[in-house]
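What follows is one structure encoded as structure tokens, with my remarks underneath.
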Amino acid sequence: MNSKSIALSILCIVLLFPGMAQAGLFERITGGTVTWRQTPPVPKQDKAEPDQEVAPSSDQTDESLSQEEIPAEESEAGTAAPATDFWRTAPAKAKLIDERFEPILLIRSAFVYTFRDKHTDTDPATGDDVEVDSQKMDPSYFGHRNGFVLENVELGAQGRFNESGLYYKAKFELVPREKNGSPSEEYLKDAYFGWDLFKVFDVRAGRMKTPFSQANLKSTSETLFIYKPNLYALTPKRQLGFRLSAGDPWKVVRLTGGVFNSVKFAAEQMKKTKQLLYAGRVDLDVAQLLDETTAIRSGFSKSGTKDSWLWDFEFTIGGSYATTAEKYLTSVEYRWMGFDARLHLFIFTLEGEYVVNDYYFPNATATGGDDATQGWGWHADFVVHAWPGILDLAFRIDRMQGDDVTHGFARNPDIDDLAPQKKRWLTGGLKVYVMDRVRLDLNYIHREELEGYNYDNDMIVTMIQFDL
């Protein structure tokens, strides 16, 4: 059989079985010579035709797909998968050791320089002129700091048992601080276990963050700035309690509520259950809602891959409420309310929150009852991901008033845990992601404050963070 006969035979096979033309080798005929070369790569298709299937790219492995991204009606073998897979929470994956045991380590060390503010002011109590020195303020980030400061050292472990849906977390802070940055003795941060086998239900018990405020729930390692906004000082802190969260399987709406112990010594509370803290929160993922109900976001993606980071879009809003009551020497009701939102579009992120807390005195005799002191705060953060994954530019405006008498009732220092204070901070900074787990921050904070006296002492803070 000569070369022409071979060529004609191969041409017939190709015409009868066109699918074979894209597999294996292909022929190239030059004159009377037949040679064979490797099949060139098929150009990537932007969009498949209705009757055409597109195979996943070679760099997208099964491990890169979460359980929620795999259609419930398909399995690896191409047959119908159990319907329960749609309702089950995506399994946790091992990061360093094993999904059932992952170590926690966070180290944040800062170098702080505070501009000294020394001037003469009037004592609000006596009316006398006094010399005010900001360097004599408490050494928290609300006060005067200079030099190296070890901000955080967190150690612990967490894990999840995918088969049963049980999970746990235990974390200690070796340099504990109060919400305003002053030293604390609460070394234990988190110690809880929970169950979330299904997407629509999550129950947790132990010591944990109360479900209130975006600033409170955001992890320290994920903060946009070195310090959390000042309104964080107004929110309920971690407590021992029970939390329940429920929502739809598409994660559009989420309701979270819990009951917590609001005092360290609960003898009286256990008798009357009057000082339990009740906290609740609702979260709405607007971007996810658009994904599930319309085709508006056909050009957007939340995956954040190299091909789609420019179109990354997220939009969430949330509201929180918490209340407790004190029934000891004085009857006092504490209430917290808050609203927050987060928008991420292209290379921009905008976050904001407003929080107010009220202390009511229903049995007050000075003015007939129902008097209150009130604290409030708000902040707006704007971040430009100038070089995504490498460099972020961040800006914040932050206002907080810790104690404002709203109905003429004098502040009771034995009950109110906030000193009279007014703060307006303007912060600008940048974040550099040096390595996968190492971050470098630089913040300049312009502070206008009233802490009994007026202060105007800015801060320059640099920080390096290692997050395991």
Side-chain angles (χ1 to χ4, degrees), residues 66-68 88-108 150-179 184-224 228 232 235-247 251 254-262 264 266 276-281 283 316 318 320 322 436-437 439 465-468:
S66 68
Q67 182 174 338
E68 299 177 17
R88 293 174 69 97
T89 302
K93 297 181 181 179
K95 296 180 180 179
L96 294 176
I97 300 179
D98 188 276
E99 69 273 6
R100 294 163 295 184
F101 179 83
E102 291 288 355
I104 298 174
L105 175 61
L106 173 66
I107 301 176
R108 302 170 82 237
L150 190 59
E151 297 285 359
N152 299 93
V153 179
E154 296 181 357
L155 293 174
Q158 61 184 347
R160 185 176 188 270
F161 300 89
N162 293 325
E163 299 79 8
S164 62
L166 294 174
Y167 65 91
Y168 69 93
K169 185 175 184 179
K171 183 169 65 175
F172 293 85
E173 173 61 75
L174 302 188
V175 285
R177 301 183 187 280
E178 299 291 348
K179 290 181 290 184
S184 171
E185 296 182 357
E186 296 186 0
Y187 293 91
L188 178 63
K189 298 192 73 172
D190 297 310
Y192 60 80
F193 64 91
W195 181 75
D196 66 346
L197 184 62
F198 302 104
K199 301 176 185 177
V200 297
F201 190 79
D202 184 359
V203 59
R204 182 184 299 177
R207 178 176 168 84
M208 70 195 85
K209 292 181 177 180
T210 56
F212 184 93
S213 169
Q214 179 178 253
N216 178 46
L217 295 174
K218 186 184 290 291
S219 171
T220 302
S221 62
E222 297 176 352
T223 54
L224 300 180
K228 291 192 175 184
Y232 177 61
T235 61
K237 203 177 179 181
R238 285 177 170 88
Q239 304 289 351
L240 178 66
F242 174 84
R243 196 199 78 170
L244 175 63
S245 181
K251 296 185 177 180
R254 198 74 176 174
L255 300 174
T256 306
V259 181
F260 301 89
N261 175 15
S262 63
K264 295 182 178 180
L276 291 174
L277 173 69
Y278 301 90
R281 178 175 173 83
D283 291 281
T316 59
S320 306
D436 185 31
R437 305 181 187 278
R439 159 184 152 188
Q465 170 180 298
F466 175 77
D467 181 22
L468 192 60

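These figures come from a predicted structure and were not determined experimentally.
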Which residues pass the side chain to side chain contact (heavy atoms under 4.5 Å, CB included) test with [X], not counting sequence neighbours?
| X | result |
| --- | --- |
| Leu255 | Val282 |
| Glu222 | Lys218, Ser219 |
| Thr256 | Pro211, Arg243, Ser245, Arg254 |
| Val200 | Trp87, Phe198, Pro249 |

Which residues pass the salt bridge (charged side-chain N to carboxylate O under 4.0 Å, His left out) test with [X], sequence neighbours left out?
| X | answer |
| --- | --- |
| Asp467 | none |
| Arg437 | none |
| Glu102 | none |
| Arg108 | none |

What residues, two or more places apart in sequence or in another chain, satisfy side-chain hydrogen bond (donor to acceptor under 3.5 Å, both in side chains) together with [X]?
| X | value |
| --- | --- |
| Ser213 | Glu353 |
| Lys169 | none |
| Ser164 | none |
| Gln214 | none |

**Asked** In this structure, which one of Arg207, Gln158, Arg238, Lys209 forms a side chain to side chain donor-acceptor pair (under 3.5 Å) with Asp190?
**Response** Arg238
**Asked** Is any side-chain heavy atom of Thr220 closer than 4.5 Å to a side-chain heavy atom of Glu151?
**Response** no
**Request:** Decide yes or no for Leu188 and Phe172: does some side-chain heavy atom of the first lie under 4.5 Å from some side-chain heavy atom of the second?
**Result:** yes
Please report the interatomic distance [atom1]([X]) to [atom2]([Y]), rounded to the nearest 0.5 Å.
| X | Y | atom1 | atom2 | value |
| --- | --- | --- | --- | --- |
| Thr210 | Leu240 | OG1 | CG | 12.5 Å |
| Thr89 | Trp195 | OG1 | CH2 | 8.5 Å |
| Arg160 | Lys93 | CZ | NZ | 12.5 Å |
| Ile104 | Leu155 | CD1 | CG | 9.5 Å |
| Asp202 | Tyr167 | CG | OH | 3.5 Å |
| Glu154 | Ser221 | CD | OG | 7.5 Å |

**Message:** Using modelled atom types and a 3.5 Å cut-off, is there a donor and acceptor pairing between side-chain atoms of Lys189 and backbone atoms of Lys171?
**Reply:** no
**Asked** Relative to each other, are the rings of Tyr168 and Phe161 parallel, tilted or perpendicular (30° and 60° limits)?
**Response** tilted
**Asked** Should the heavy atoms of other residues, nucleotides or ligands under 6.0 Å from CZ of Arg177 be counted, would the total exceed 12?
**Response** yes
